[in-house]
Number of protein chains: 2
Amino acid sequence: MTTRRPRTAASDTADPPAADGGASTINDIARLAGVSKKTVSRVINRSPLVRPDTREKVEALMEKVGYVPDPMARGLAFRKSFLIGMVSDNPNAQYIVNMQNGALDGLRGSGYELVVHPCDSKSADYIAGVRRFVLQHRLAGVFLVPRVSEDEALVDMLREIGCRYARIAAVSLDEPWRMITTNDRDGAVEVAKYLDSLGHRNIGLITGPTRYLSARERGGGFLEALRARGVELGADHVVEGGYTFESGVACAERLLALTPRPTAIFALNDEMAAGVCKAAFRLGLRIPEDLSVVGFDDSPLASRLWPSLTTVRLPIREMGMLAAQLLQREENRKQTPPLVTPHLVIRESCQPPVAERR
Amino acid sequence: MTTRRPRTAASDTADPPAADGGASTINDIARLAGVSKKTVSRVINRSPLVRPDTREKVEALMEKVGYVPDPMARGLAFRKSFLIGMVSDNPNAQYIVNMQNGALDGLRGSGYELVVHPCDSKSADYIAGVRRFVLQHRLAGVFLVPRVSEDEALVDMLREIGCRYARIAAVSLDEPWRMITTNDRDGAVEVAKYLDSLGHRNIGLITGPTRYLSARERGGGFLEALRARGVELGADHVVEGGYTFESGVACAERLLALTPRPTAIFALNDEMAAGVCKAAFRLGLRIPEDLSVVGFDDSPLASRLWPSLTTVRLPIREMGMLAAQLLQREENRKQTPPLVTPHLVIRESCQPPVAERR
DNA sequence: CTGAAAGCGCTTACAG
DNA sequence: CTGAAAGCGCTTACAG
């Protein structure tokens, strides 16, 4: 059954396949199975052109010997590595780590590894840097997280060099099977409903930089949902922050100087919401008695502030997993990934405005 | 000068090297330079056995054509990839991201890429997982961050399979050229000096899990330095936390119930220090008027709490860079990496105890 | 359904 | 100091 075939020129080792799990090659398997290495290759690559019993025999053998094809050899022959790149430009460490862990979840068992490429999208030549990153190691694909995912110049470059990619963004910006859409807008709508339900009418909004899609979506969704409920914010109640803690402090100081003072402030990320808390405490205001505060992101900060912060959680890890799976899919099996939805996490930082409390 | 040599069997492309920077091969360079591919290979690998003018000619050509050797082909021939792995088991996202960025700094321009491998050191088979990770992609090396860096079973496995490694830990645990030593103890000593200089004598300490080397070093250094200054903490003033926010709250509640109440609490990480703040506010205590608080790590949390937290900063990014550089060094150029030192970041959470204020 | 030949882009002995 | 041959562990045409 497992008669030894005459060795090919390439297989000149007299030893049996190494006991060590990682060291046997396609030649060992072929010899042991009594088939050509090409047939083993077909089994590895799930070609349908293999007789079922041959396939089973080869698979059993690979399992028994603990054989795993060498990704570098396969990569050299395929002209494509077994590496997936994560290209990011995001200062939120928890976001990055969650995304990485999700991607790793999606890659587990596939033989692919995750290689990371943080970059500075404000630098002029960052696109050239990504290009080198992709080309030099012949990456199998990359996924882009906000805000680089919103940069069409970057995506154009990837298309030009024929690199597979997936984009994670607040709304769909590309063909559906290339997108993980995070629907930030829906999260902001939840906040509007919640604050409205508590009875807030005099509300301040701290937006993010308008060049961020997420900021436009969150802010737009919030204002629109309030308007639909008959609540209109005056122009002085909407201030633009920079998604940073310091900008949150500064914007909150402006909002809290208004008369009458807003009873609630929605900051479009937790960093700025923490800044709102700092500004409020400095003024001697209590949260939530004197001011309700809502953030967005559910960063570690949110649960560790005192009082803990009501915020919106995006399933980031799941998004990373979906992005990784999307990149592994066959070119011909293009399908739209499942929807991902944000949800409101209610903690301690909100209550009805005192004047209107029943 | 650049006469075309007869083509070898392997180089059967009639086209000139592709205009695209990534697509030319060692054969193109050899042909253009009028030398054998072996000589080009020697130039790539910085072999001294090349005549200076030959080397210069080849290097100029590589530069001009934008030739970069294919890491997969080199890897296959070397039996070793151009991938460095980061093995970690640390819930602190900022720590992980800083470490990654530092490693990337150290790898930049070297042709190596960083592949990440977070794992769960509490799971029984995590070592087998790391083994597969290293063997399957034939990693050039890995670096271990706390707490996996402290696991001798993991290191034994790496030695057994002949994998290069670097360890990052609070004290030296291995040959000096394999270690980045973080000297956490020194940071804790700084805290002791600072609190003593403010006049605190009744101090509470929230330690970390004793199985963590960092916790033993930080706690030990703190107590020893205080003792050297004539300040002795009673057994009830030292409680063991779990490095988590919740454990910080719980431990602080115990400490703040003591009579007389401690005037300062040192928590061995910022997570727990944030918990101390929460517990204090709940009891109506003001920070720093009624209680001074010090943390460790300088996490993003520290600067965003109100009042902002005095803490200890470790140069994590620099440590990552040093670890990456260490792994690239030639086997024969073993040298001890430079020392890395923590330092105290003084913010708003401490002042002299009120009873003793001048 | 299966296989022998040639090749992916490099390197390691081995000669000179 | 330099090069021709063989090989790293896979795959892609091309035959059968």
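Only heavy atoms go into these numbers, but all of them, side chains included; no hydrogens, no water, no symmetry mates. First the proteins, then the strands, lettered A, B, ... as listed; each starts at 1.
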Taking N or O atoms only and anything under 3.5 Å, show me the protein contacts with nucleotides 12-16 of chain C, one pair per line.
none

- Determine yes or no for a side-chain-to-main-chain donor-acceptor pair under 3.5 angstrom, with Glu150(A) supplying the side chain and Pro146(A) the backbone. no
- Task: May I ask you to decide whether Asp70(B) forms a salt bridge with Arg79(A), counting only side-chain N to carboxylate O separations under 4.0 Å?
- Result: no
- Message: I'd like to know if the side chain of Asn98(B) and the backbone of Tyr95(B) have a donor-acceptor N/O pair within less than 3.5 Å.
- Response: no
- Item | Any residue meeting side chain to side chain contact (heavy atoms under 4.5 Å, CB included) with Arg317(A), in chain and number order, not counting sequence neighbours | Asn101(A), Asp105(A)
- Message: Rounded to whole Å, please give me the gap between CD1 in Ile26(B) and P in dG3(D).
- Response: 12 Å
- Message: Just to verify, what does Arg132(B) make a side chain to side chain contact (heavy atoms under 4.5 Å, CB included) with, not counting sequence neighbours?
- Response: Ala128(B)
- Are Arg74(A) and dT11(D) close enough that a side-chain N or O sits under 4.0 Å from OP1 or OP2? yes
- Note on the structure: Given Watson-Crick and G-U pairs under 3.5 Å, DNA chain C in dot-bracket ([ ] crossing, | other strand) is |||.||||||||.|||
- Query: Within the side chain of His137(B), is there an N or O that forms a donor-acceptor pair under 3.5 Å with the backbone of Phe82(A)?
  - Reply: no
- Message: Applying side chain to side chain contact (heavy atoms under 4.5 Å, CB included), can you list everything that pairs with Gln136(B), at least two apart in sequence or on another chain?
- Response: Val68(A), Pro71(A)
- Query: Rounded to the nearest Å, what distance is computed from the CE atom of residue Met72(B) to the P atom of nucleotide dT11(C)?
  - Reply: 14 Å
- Does Ser81(B) have any side chain to side chain contact (heavy atoms under 4.5 Å, CB included) partners at least two apart in sequence or in another chain, and if so, which? Met72(A), Leu83(B), Leu139(B)
- Query: What is the distance, rounded to the nearest whole Å, between atom CZ of Arg138(A) and atom C1' of dC10(D)?
  - Reply: 14 Å
- Item | Given DNA chain D, 5'-ward residue of the pair Val40(A) and Leu76(B), judged by closest heavy atom | Leu76(B)
- OP1 or OP2 of dG3(C) less than 4.0 angstrom from a side-chain nitrogen or oxygen of Thr39(A), does that happen here? yes
- Task: Report yes if a side-chain nitrogen or oxygen of Thr25(A) is closer than 4.0 Å to either non-bridging phosphate oxygen (OP1 or OP2) of dG9(D); otherwise report no.
- Result: no
- Item | Under 4.0 angstrom between Thr54(B) side-chain N/O and dT2(D) OP1 or OP2 | yes
